[in-house]
Amino acid sequence: MEKLRVLVVDDESRMRKLVKDFLVKNNYDVIEAADGVEALDIFFEIKDIALIILDIMMAKMDGFQVCKEIREYSKVPIIMLTAKGDERDELLGFELGVDEYISKPFSPKILVARVEALLRRSNAIQTEEVTEIGGIEIDKVAHIVMVDGERVELSYKEFELLGYFIENTGIALSREKILNNVWNYDYFGDARTIDTHVKKLRNKLGNKGEYIKTIWGMGYKFEVES
């Protein structure tokens, strides 16, 4: 299988090396850029970039401007790295088309997991039509869920929510992130919608509903005990 190519953009060489090393170990082809201008040059020269990991604070051109320029021409998945915890920065990034935010310092393993989940959602990684985990079997094409061999009837959003949890197994997900990815960015509902759907989903999954852990003050994490 041909390696997927990731563009890593950060003005800190140490950070680029850290990210590159972990991605290379996971069979990705990595290209580095030290600033926003170089990143744009590379992006428009090389046509098969599958995903971009982009720092915000850089000389010459910041990550927001890079994202804005790329979104004029492409929907390539973008993960933005930030040392800031400013909600306004995150909202601006989402408005410009950022797909994921990861705050520094971060776990490289979590970064790789986010990369893989985002590439699956963008269909860059071809996934099996049927996924099985912990006694739950989900067929995305037929929209069928089986729990311990028994079919479980889910609503459309419950099905999408379960699929999103399974794609991000082991990753803590905020209510806002779930809302943005399952209900889409243009949904202006209340985050409590998530809690209602999670409660119904847990009930329908029976004892497998315990896989959906509550992260108090944040959101949820899907985790199957070994």
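Salt bridge Asp29/Arg5: present, at least one basic N to carboxylate O contact under 4.0 Å. Ion pairing between a basic and an acidic side chain is recognised when a charged N comes within 4.0 Å of a carboxylate O; Asp21 and Lys17 show such pairing.
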Run Lys60 and Asp11 through salt bridge (charged side-chain N to carboxylate O under 4.0 Å, His left out) and show every step you take. CA-CA 10 Å; Lys60 297 184 181 179; Asp11 57 0; over 6 Å; no
Start with the C-alpha distance between Ile53 and Ile102, add both sets of side-chain angles, then the distance that settles side-chain contact (heavy atoms from CB on, under 4.5 Å), and finish with yes or no. CA-CA 10 Å; Ile53 297 174; Ile102 297 182; over 6 Å; no
Carefully, step by step, assess His143 and Tyr156 under the rule side-chain contact (heavy atoms from CB on, under 4.5 Å). CA-CA 8 Å; His143 255 243; Tyr156 178 77; 3.6 Å; yes
Is there a salt bridge (charged side-chain N to carboxylate O under 4.0 Å, His left out) between Glu32 and Lys20 once you walk through the steps? CA-CA 8 Å; Glu32 299 179 49; Lys20 179 178 180 177; 3.5 Å; yes
Show, in sequence, the C-alpha distance, side-chain angles and deciding distance for Lys104 and Asp55, and conclude whether the side-chain contact (heavy atoms from CB on, under 4.5 Å) test is met. CA-CA 10 Å; Lys104 298 178 183 178; Asp55 189 34; 3.2 Å; yes
Applying side-chain contact (heavy atoms from CB on, under 4.5 Å) to Leu201 and Leu162, what does each step give before you reach the verdict? CA-CA 8 Å; Leu201 182 58; Leu162 177 61; 4.0 Å; yes
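Around atom CD of Glu132, more than 12 heavy atoms belonging to other residues, nucleotides or ligands sit under 6.0 Å away. By the 6.0 Å contact criterion, NZ on Lys204 is enclosed, its count of non-hydrogen atoms from other residues, nucleotides or ligands being greater than 12.
Under the 4.5 Å side-chain criterion, counting only non-hydrogen atoms from C-beta, Tyr28 is in contact with Glu116. Within the 4.5 Å cutoff, no side-chain heavy atoms of Val9 are placed close to those of Val66. Ile49 places a side-chain heavy atom less than 4.5 Å from the side chain of Ile42. Proximity of Leu111 to Phe22: side-chain heavy atoms (C-beta onward) are nowhere separated by under 4.5 Å. Using a 4.5 Å heavy-atom cutoff, the side chains of Val19 and Phe106 are in contact. Counting heavy atoms from C-beta on, the side chains of Tyr220 and Ile215 never come closer than 4.5 Å. Annotation: side chain of Ile136 is not in contact with side chain of Val224 (no heavy-atom distance under 4.5 Å). Taking 4.5 Å as the limit, some side-chain heavy atom of Ile212 sits within range of a side-chain heavy atom of Leu205.
Note that CG of Asn26 is 12.0 Å distant from CG of Leu4, once rounded to the nearest 0.5 Å. Going from atom OG of Ser107 over to atom CZ of Arg114 covers 10.0 Å, rounded to the nearest 0.5 Å. The distance from atom CG of Leu173 to atom CD1 of Ile178, rounded to the nearest 0.5 Å, is 5.0 Å. Here the straight-line distance linking atom NZ of Lys157 with atom NZ of Lys200 works out to 13.5 Å at 0.5 Å rounding. Remark: Leu179 CG to Glu176 CD distance equals 7.5 Å, nearest 0.5 Å. The CZ atom of Phe64 lies 10.5 Å from the CE atom of Met58; values are rounded to the nearest 0.5 Å.
Cluster membership check: Leu54 shares its hydrophobic cluster with Phe44, using side-chain heavy-atom separations under 4.5 Å among Ile, Leu, Val, Met, Phe, Trp and Tyr. Hydrophobic clustering places Ile133 together with Val152 (ILVMFWY residues linked when any side-chain heavy atoms are closer than 4.5 Å, directly or through intermediates). Tyr164 and Ile144 fall into different hydrophobic clusters, where Ile, Leu, Val, Met, Phe, Trp and Tyr are joined by side-chain heavy atoms under 4.5 Å apart, directly or via other members. Residues Ile46 and Leu40 share a hydrophobic cluster, clusters being chains of Ile/Leu/Val/Met/Phe/Trp/Tyr side chains in contact below 4.5 Å. Residue Ile166 is not grouped with residue Met146 when hydrophobic side chains (ILVMFWY) are merged at heavy-atom distances under 4.5 angstrom, including chains of intermediate members.
Across all non-hydrogen atoms, the minimal contact from Ala113 to Ile171 is CB-CD1, 3.7 Å. In terms of heavy-atom proximity, Ala117 sits nearest to Glu167 at CB-O, 3.9 Å. For Cys67 against Gly97, the heavy-atom pair with the smallest separation is SG-C, 4.2 Å. The two residues Pro108 and Leu18 come nearest to each other via the heavy atoms CG-CD1, 4.1 Å. Contact record, Pro77 with Ala50: CD-O, 3.2 Å, taken as the closest heavy-atom pair.
Of the possible polar contacts, one joining the Arg71 side chain to the Val76 backbone as a donor-acceptor pair under 3.5 Å is found. Proximity of a side-chain donor or acceptor of Gln65 to a complementary backbone N or O of Met61 within less than 3.5 Å is not detected. The main-chain N or O of Ile78 is found under 3.5 Å from a side-chain atom of Asp99 such that the two form a donor-acceptor pair. For the pair Lys3 (side chain) and Val30 (backbone), a donor-acceptor distance under 3.5 Å is absent. A side-chain donor-acceptor contact under 3.5 Å links Arg175 to the backbone of Met218.
Between Tyr211 and Phe165, the ring center distance fails the sub-6.0 Å criterion.
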